[in-house]
**Q** 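My questions will all concern the structure given below.
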Amino acid sequence: MIRRILLAPMEGLLDFRLRDIITKIGGIDQCVSEFIRVNDTLLPSQRFYRYVPELNHNCRTKAGVPVKVQLLGSDPVCMAENAAKVASLGAYGIDLNFGCPAPTVNRNRGGAVLLKEPDVLYKIVYETRKAVPSTIPVTAKMRLGFESTEQAIDCAKALEGGGAEEIVVHARTKMDGYKPPAYWEWIAKIKKEVRVSIVANGEIWTKEDAIRCHEISGCSDLMIGRGMIANPTLALEIQGERNEAFPWEEMKSILYKYWIHLASLMDTQSRLGRIKQWLYYLSRQYSEAQKDFTAVKRFTNQEEMDLYLCEDLAAGIEVEMQRKAFRCIGAESPVGDL
């Protein structure tokens, strides 16, 4: 039986804005923030609030789902100091990133490259756990290794030995990137060697995938990222609370609300990028999104996106609500005055 579903971060897309939308839809038990990079300084409070504005609200989304703050870095003392700082701001939990495969991150001794050094993993977790109040959980995320799975179990044991209370295992190496398949059987091997809770992650796109991952990995807790973006009702389907995804009209109305929400938070080009990214992932679930993405990826201005998102008034949004929303962002309503 699947017990918990955690929402994974996705740098540049699944941030606090999308966490709000996804957790309102339902089925998510816990979130993890995008990683906050720690170098050799104690970061100002504002940096943590920028990535995790939920810190202003008991470190929970508007739907009440708790959010752990994720840190990425290689210096044990500096990581510990920053963990203590964010804990003092009210963090629900501290998560340590040892799974990011991005080359720029790895070149700076961050993320998955540290899987080559289990002793460093141990020191980072140990110092962080020591610096953070015992009431605040310290967890970690890892991959199966950098180039191979040779040290996968050693890394998991190092994280456990340092004091991690839970380990999320992305069932691929750094070199595998995000290419299928995910090697869930390796999660089962790790699970047999450690006593702490293990969360399975990687290549969960459907309810059937979730069931297979649970059966193969032996994990009752799952973390899902891209699958939740492709189908925001996936967690509800896995938990048996829905039988199918939203119809496209309803999903498009959610895209519209997200577009409007972004107006006060970022510039037009960044907003366009977010919608294009989300539409790209939705194309895995929706044939309509697949068709639309071909046109939408060429959009270069706000007006084109406005018209695309509002062309079908059956999307579940009242005309009056559309007109007011466009007034809020200073644009002419495509539906005119009624």
Side-chain angles (χ1 to χ4, degrees), residues 7-25 33-35 50-51 53 61-62 102-104 177-179 205 224-234 244-338:
L7 184 64
M10 291 172 60
E11 188 179 12
L13 180 61
L14 213 174
D15 60 1
F16 68 90
R17 304 167 181 94
L18 215 42
R19 281 199 295 274
D20 181 43
I21 289 175
I22 298 296
T23 56
K24 281 178 180 174
I25 290 170
S33 77
E34 292 179 290
F35 69 75
R50 186 197 317 162
Y51 280 87
T61 67
K62 292 176 184 175
T104 53
Y178 294 96
K179 298 190 299 285
W205 296 96
I224 309 176
R226 294 177 300 157
M228 285 300 305
I229 299 304
N231 176 14
T233 65
L234 178 57
E244 58 186 16
F246 288 139
W248 176 240
E249 292 78 11
E250 188 170 354
M251 190 62 241
K252 194 171 178 183
S253 77
I254 293 171
L255 272 174
Y256 173 86
K257 292 171 186 175
Y258 180 56
W259 170 248
I260 294 301
H261 177 61
L262 292 179
S264 63
L265 300 169
M266 60 178 58
D267 62 78
T268 298
Q269 290 308 309
S270 297
R271 290 172 69 205
L272 288 168
R274 292 298 176 99
I275 295 295
K276 290 174 185 179
Q277 283 187 76
W278 197 0
L279 199 62
Y280 169 78
Y281 282 107
L282 288 170
S283 67
R284 187 180 179 110
Q285 173 71 33
Y286 295 95
S287 60
E288 297 93 338
Q290 192 172 40
K291 175 177 66 70
D292 291 355
F293 181 70
T294 303
V296 171
K297 69 180 180 181
R298 297 187 177 91
F299 290 176
T300 59
N301 60 65
Q302 174 182 311
E303 289 70 27
E304 289 175 305
M305 190 65 80
D306 288 341
L307 290 171
Y308 163 68
L309 291 172
C310 295
E311 64 186 356
D312 184 2
L313 299 184
I317 304 173
E318 295 294 333
V319 171
E320 181 63 21
M321 289 176 64
Q322 291 186 43
R323 183 158 55 86
K324 288 179 179 178
F326 274 87
R327 281 178 178 170
C328 287
I329 63 171
E332 183 180 352
S333 170
V335 299
D337 290 324
L338 299 179

**Q** Measure across Val296 and Lys276 and return the closest heavy-atom pair with its distance rounded to 0.1 Å.
**A** O-CE, 3.3 Å
**Q** Less than 4.5 Å apart, any side-chain heavy atom of Trp248 and any of Leu282?
**A** yes
**Q** Testing the basics here: between Asn301 and Glu304, what is the closest heavy-atom pair and its distance to 0.1 Å?
**A** OD1-N, 3.0 Å
**Q** So, for Trp278 and Ile229, which heavy atoms are closest and what is the spacing to 0.1 Å?
**A** NE1-O, 2.9 Å
**Q** Heavy-atom distance under 4.5 Å between the side chains of Tyr51 and Ser33, does that happen here?
**A** no
**Q** Any side-chain heavy atom of Leu255 sitting closer than 4.5 Å to one from Ile275?
**A** yes
**Q** Does some side-chain heavy atom of Arg271 sit less than 4.5 Å from a side-chain heavy atom of Arg274?
**A** no
**Q** Any chance you could measure Asp20, atom CG, to His261, atom NE2, to the nearest 0.5 Å?
**A** 6.0 Å
**Q** Do Lys252's NZ or CZ and the ring of Tyr308 fall within the cation-pi criteria of under 6.0 Å and 45°?
**A** yes
**Q** Any side-chain heavy atom of Tyr286 within less than 4.5 Å of one from Phe246?
**A** yes
**Q** How many angstroms lie between atom CE of Met228 and atom CD1 of Ile22, to the nearest 0.5 angstrom?
**A** 5.0 Å
**Q** Taking Glu11 for the side chain and Glu34 for the main chain, is one N or O donor matched with an acceptor at less than 3.5 Å?
**A** no
**Q** State, to 0.1 Å, how close Gly225 and Leu14 come at their nearest heavy-atom pair, and which atoms those are.
**A** O-CD1, 4.3 Å
**Q** Would you say Asp292 and Ser283 make side-chain contact, with heavy atoms under 4.5 Å?
**A** no
**Q** Under the side chain to side chain contact (heavy atoms under 4.5 Å, CB included) rule, what do Met266 and Arg17 come out as? Steps first, then yes or no, please.
**A** CA-CA 11 Å; Met266 60 178 58; Arg17 304 167 181 94; 3.6 Å; yes
**Q** What are the two closest heavy atoms between Gln269 and Thr300, and how far apart are they?
**A** NE2-O, 2.9 Å
**Q** What closest approach, in Å, do Ile21 and Tyr258 show between heavy atoms, and which atom pair accounts for it?
**A** CD1-CD1, 3.4 Å
**Q** To the nearest 0.5 angstrom, please state how far the OG1 atom of Thr61 sits from the CG atom of Leu18.
**A** 12.0 Å
**Q** Check the surroundings of atom OH in Tyr280: do more than 12 heavy atoms from other residues, nucleotides or ligands lie under 6.0 Å from it?
**A** no
**Q** Looking just at side-chain N and O atoms, do Trp205 and Asn231 make a donor-acceptor pair shorter than 3.5 Å?
**A** no
**Q** If we ignore hydrogens and angles and just use 3.5 Å, is the side chain of Gln302 paired with the main-chain N or O of Leu272 as donor and acceptor?
**A** no
**Q** Using modelled atom types and a 3.5 Å cut-off, is there a donor and acceptor pairing between side-chain atoms of Arg298 and backbone atoms of Thr294?
**A** yes
**Q** In Å and rounded to the nearest 0.5 Å, what is the CG to CE distance from Leu279 to Met251?
**A** 9.5 Å
